[in-house]
Amino acid sequence: MDKREIFVKMASIEERIGDLYKEIGELKDVIVVLMEENAQLLVENQHLRNRLDRKKTSTSPKQKGTRPVAQEKAKKAVVGEGYDNLARLYAEGFHICNVHFGSLRKEGDCLFCLSFLSGGPQK
C-alpha cells in the first residue's frame, strides 16, 4: 500500500465520520423534540387525571352541612399547584421562563428560570 492509497482511505474514513457526526446531531434534535412532547403529554395527562378526580368527587353524594376532608385538601393544594408543576418541569430539565418556555435546557441552569422560581426581583 503506497502513501496515496493510505491518504485516500483516510480521507474516505474522515468523510464517513463527518456523515455519522451529522446523523448523530439530527438524532439528538429528534430526541429533544420527543422529550419535549413527552413532557407536554405527561402534564396534559396529569391535568386530565385531576379533572377526572374532581368530577368523581363532585358527583359523589355529599354530606349535609359539612364538606368532605378530601375537598378541603384539594382546595388548599390548588393554590400552589401551578408553581409546583413549573418547579417539577424545571427539575426535569425544561425552561419555565418566558424567554425559552418549554424548550429543553441544554447548558445547565437558566438565570431567568431561577429568578422566577425564587420569586422574581425583590422590591
Side-chain angles (χ1 to χ4, degrees):
M1 203 185 272
D2 67 344
K3 293 178 184 178
R4 179 161 169 66
E5 289 177 5
I6 293 173
F7 181 76
V8 169
K9 281 192 176 192
M10 287 299 295
S12 172
I13 291 172
E14 185 179 16
E15 186 176 321
R16 284 187 281 168
I17 288 174
D19 292 341
L20 288 173
Y21 183 75
K22 287 178 187 175
E23 190 174 343
I24 288 172
E26 292 169 0
L27 287 173
K28 283 170 57 176
D29 292 340
V30 169
I31 288 172
V32 167
V33 169
L34 290 175
M35 288 177 66
E36 289 174 351
E37 182 180 0
N38 186 40
Q40 290 172 347
L41 291 173
L42 286 172
V43 169
E44 183 179 354
N45 190 14
Q46 186 61 40
H47 287 299
L48 290 174
R49 287 177 193 263
N50 290 343
R51 286 182 66 187
L52 182 63
D53 289 343
R54 276 190 248 128
K55 189 171 185 172
K56 283 181 181 178
T57 57
S58 68
T59 58
S60 65
K62 296 182 180 178
Q63 298 173 355
K64 294 183 179 178
T66 61
R67 274 200 254 169
V69 176
Q71 285 183 346
E72 288 180 19
K73 286 183 181 177
K75 283 202 172 195
K76 289 180 183 175
V78 170
V79 174
E81 182 179 350
Y83 184 85
D84 291 342
N85 285 337
L86 289 173
R88 182 180 50 79
L89 283 173
Y90 184 78
E92 290 176 2
F94 293 94
H95 283 278
I96 59 169
C97 62
N98 62 341
V99 180
H100 303 289
F101 184 80
S103 62
L104 192 63
R105 285 186 293 123
K106 297 177 184 174
E107 298 178 6
D109 291 332
C110 169
L111 294 178
F112 296 114
C113 294
L114 291 175
S115 172
F116 177 78
L117 285 175
S118 69
Q122 301 297 322
K123 293 182 179 179

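The analysis underlying the following values was restricted to heavy atoms, covering all of them including side chains, and did not include hydrogens, waters or symmetry mates.
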Q: Just verifying a value: how many Å separate Ile31 CD1 and Asn38 CG, rounded to the nearest 0.5 Å?
A: 12.5 Å

Q: With rounding to the nearest 0.5 Å, note down the distance linking CZ in Arg49 to CG in Asn45.
A: 4.5 Å

Q: Give the intermediate values and the outcome of side-chain contact (heavy atoms from CB on, under 4.5 Å) for residues Asn85 and Gln46.
A: CA-CA 10 Å; Asn85 285 337; Gln46 186 61 40; 5.6 Å; no

Q: CZ of Arg105 to CD1 of Ile96: how many Å apart, nearest 0.5 Å?
A: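 With rounding to 0.5 Å, CZ (Arg105) is 8.5 Å from CD1 (Ile96).
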
Q: Under 4.0 Å between a Lys/Arg side-chain N and an Asp/Glu carboxylate O for Glu26 and Lys22?
A: no

Q: Give a yes or no on this: more than 12 heavy atoms of other residues, nucleotides or ligands lie within 6.0 Å of atom CD of Glu5.
A: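 Correct, the count exceeds 12.
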
Q: Would a distance-only check, ignoring hydrogens and angles, find a side-chain to backbone donor-acceptor pair under 3.5 Å from Ser115 to Leu111?
A: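 Checked: no pair found.
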
Q: What distance do Leu104 atom CG and Leu34 atom CG have between them, rounded to the nearest 0.5 Å?
A: 11.5 Å

Q: Kindly give the heavy-atom pair with the smallest separation between Tyr90 and Cys110, and that separation in Å.
A: OH-N, 3.3 Å

Q: Would Arg16 and Ile13 count as a side-chain contact (heavy atoms from CB on, under 4.5 Å) if you check the C-alpha gap in whole Å, the side-chain angles of each, and the deciding distance to 0.1 Å?
A: CA-CA 5 Å; Arg16 284 187 281 168; Ile13 291 172; 3.3 Å; yes

Q: Measuring from atom CZ of Phe116 to atom NE2 of His95, what distance do you get when rounded to the nearest 0.5 angstrom?
A: 14.5 Å

Q: Mind listing the closest non-hydrogen atom pair of Phe94 and Gly102 along with its distance?
A: CD2-O, 3.5 Å

Q: Measuring from Cys113:SG to Phe101:CZ, what's the distance to the nearest 0.5 Å?
A: 9.5 Å

